[in-house]
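So the structure is just underneath, and the comments pick up after that.
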Amino acid sequence: MATNASADHRSHNFSAGPAILPVEVLQRAREELLNYRGTGSSIMELSHRGREYVEVDAQARSRLIELLGLGDDFEVIFLQGGASTQFMMVPMNFLREGRTADYLNTGSWAKKAIKEARIIGNVHEAFSSEENNYNRVPKDSDIRMSENPVYLHFTSNNTIFGTQQPSEPASAEVPLVCDASSDFLSRPIDAKRFGLIYAGAQKNAGPSGVTIVLIRKDFLEGARTEGLPSMVRYKTHAGTMFNTPPTFAVYMVNLILGWLQEKGGLSAMDLHNREKAKLLYDQIDRDDFYRTPVENDSRSLMNVVFRLPSEELEKTFLKEAEANDMHGLKGHRSVGGLRASIYNACPRESVETLAAFMADFRKKHG
Ligand SMILES: *Cc1c(COP(=O)(O)O)cnc(C)c1O
């Protein structure tokens with residue numbers, strides 16, 4: 001790997017997660033690291049019940065509510081344990097005896113969520129693209145719901161396979177529960193359709209260590225309390241700080257939310273992300289040299305998955321990309337090939353550099 005030891009050097013980082021963060025945010029964190037606002041301590045070293053952290057926590061909540069247009073209808077909770085812990089918490093809290101929860105099986109993460117839910121209760125797979133190695137997400141007409149499910153769970157962006165729901169699936173009266181880990185805050189959403197949204201922060205919203213959970217208040221009313229240990233009940237965490245939150249991770253998320261607001265919010269981000277993704281898909285679509293297994297209508301704006309004519313060439317591509325300071329392009333081990341993750345914080349300049357490199361590489365090897 002090419003290394004550049006100069007203290008402020010930034011490489012072209014296409015890692016799927018933990019992923020690139022905005023450089024302005026890292027700089028701000030560095031400035032405040034030793035002495036947070038005159039306290040003489042780092043925010044990491046201050047009590048989670050103290051004025052400074054409580055302010056950070058409250059600001060992060062209100063910024064989330066504003067950016068996503070949640071109004072007064074949602075609780076915002078910061079939890080630990082990753083999105084993977086939500087795979088069990090969602091059914092533990094909402095999947096009652098004698099009822100069924102519907103899931104869209106659109107990738108490895110969706111499958112893991114289904115596996116956990118099956119331990120808790122009845123699960124119905126309302127759609128699966130597993131047979132075709134998860135090359136697409138469903139159209140509304142592909143979804144076969146069970147009768148009166150408690151929720152419909154879906155993964156808005158399938159990080160590993162490079163597919164993304166173009167919009168929320170139709171679900172009539174059924175509340176949506178969404179694993180939004182890898183496209184959270186990348187575009188506006190229709191909040192009123194959701195009962196619960198969760199996202200591990202480390203793809204698009206911050207560092208690892210915090211999971212953001214948004215729960216609509218009327219949906220939360222139906223959450224279980226009896227027979228559940230305190231830590232896995234959503235009601236334990238809603239509206240209060242039950243135990244120590246991951247304070248530094250929440251602080252970083254708050255800085256990123258401020259950055260998002262400065263950049264014009266989620267509509268501006270959506271446009272920026274569409275433009276970036278187009279640069280790469282245009283390269284892929286030019287001829288048969290690059291190809292993607294993903295169906296056109298399901299293409300992700302966050303994780304661009306592609307193959308070359310041979311595994312040999314893929315290895316060469318990766319090696320030469322590294323030599324040109326482009327990192328994190330190797331596809332997930334379950335899929336192979338290449339994957340460029342181009343989340344909010346990935347600068348357009350990095351994507352332009354990669355697109356130019358792809359064009360060059362085709363000329364040399366095509
Ligand atoms: C990364 C990822 C996860 C797993 O997140 P953890 O925080 O590691 O548990 C779950 N779902 C999706 C869509 C992901 O991209």
Side-chain angles (χ1 to χ4, degrees), residues 13-21 77-92 101 103-117 119 127-130 133-138 151-166 168-169 176-187 189 194 196-214 231-232 237 245-246 248-250 252-253 256 273 277 294 298-305 328 330-335 339-346:
N13 182 347
F14 299 100
S15 168
I20 190 169
L21 299 171
I77 307 177
F78 298 123
L79 294 176
Q80 306 195 36
S84 300
T85 296
Q86 298 310 303
F87 294 166
M88 71 168 169
M89 274 179 75
V90 165
M92 283 174 112
Y103 280 72
L104 304 183
N105 183 5
T106 54
S108 311
W109 297 116
K111 197 174 173 182
K112 286 185 175 160
I114 291 168
K115 179 170 175 245
E116 298 297 287
I119 297 171
F127 171 80
S128 174
S129 51
E130 187 172 8
N133 203 28
Y134 297 120
N135 66 344
R136 69 181 186 102
V137 294
Y151 58 79
L152 172 66
H153 181 284
F154 74 106
T155 314
S156 48
N157 183 76
N158 298 282
T159 326
I160 293 174
F161 295 91
T163 66
Q164 185 176 25
Q165 292 284 147
E168 294 87 11
L176 294 171
V177 171
C178 179
D179 174 1
S181 293
S182 55
D183 68 355
F184 189 56
L185 303 172
S186 72
R187 58 183 177 181
I189 58 163
F194 292 89
L196 189 151
I197 302 170
Y198 61 91
Q202 71 271 22
K203 270 71 179 230
N204 205 29
S208 62
V210 61
T211 306
I212 299 155
V213 182
L214 313 170
M231 277 298 283
V232 296
H237 301 282
F248 191 67
V250 173
M252 289 297 292
V253 167
I256 285 157
N273 289 328
V294 174
S298 297
R299 289 178 169 187
S300 170
L301 302 179
M302 301 276 98
N303 311 97
V304 179
V305 166
K330 196 170 175 10
H332 191 270
R333 57 199 144 78
S334 61
V335 187
R339 170 176 53 175
S341 298
I342 49 173
Y343 302 118
N344 286 349
C346 180

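We count ligands from 1, going down the list as the structure has it; atoms in each ligand are counted the same way. Residue numbers start at 1 and run along the sequence shown.
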task: Hey, could you give me the CG/CG distance between L176 and L196, rounded to the nearest 0.5 Å?
output: 11.0 Å
task: Check the pair L214 / F184 against side chain to side chain contact (heavy atoms under 4.5 Å, CB included), numbers first and verdict last.
output: CA-CA 11 Å; L214 313 170; F184 189 56; 3.9 Å; yes
field: Residue pair I160, W109: steps toward the side chain to side chain contact (heavy atoms under 4.5 Å, CB included) verdict
entry: CA-CA 8 Å; I160 293 174; W109 297 116; 3.8 Å; yes
- request: Heavy-atom cut-off of under 4.0 Å around ligand 1: list whichever protein residues fall inside it, by chain and number.
  value: G82, A83, S84, F87, W109, T155, N157, T159, D179, S181, S182, Q202, K203
message: Taking the six-membered ring for Trp, are Y151 and F194 closer than 6.0 Å centroid to centroid?
response: no
query: Does any donor atom in the side chain of T159 or N303 lie under 3.5 Å from an acceptor atom in the other side chain?
result: no
message: Quick check for you: to the nearest 0.5 Å, what is the distance between Y343 atom OH and N157 atom CG?
response: 7.0 Å
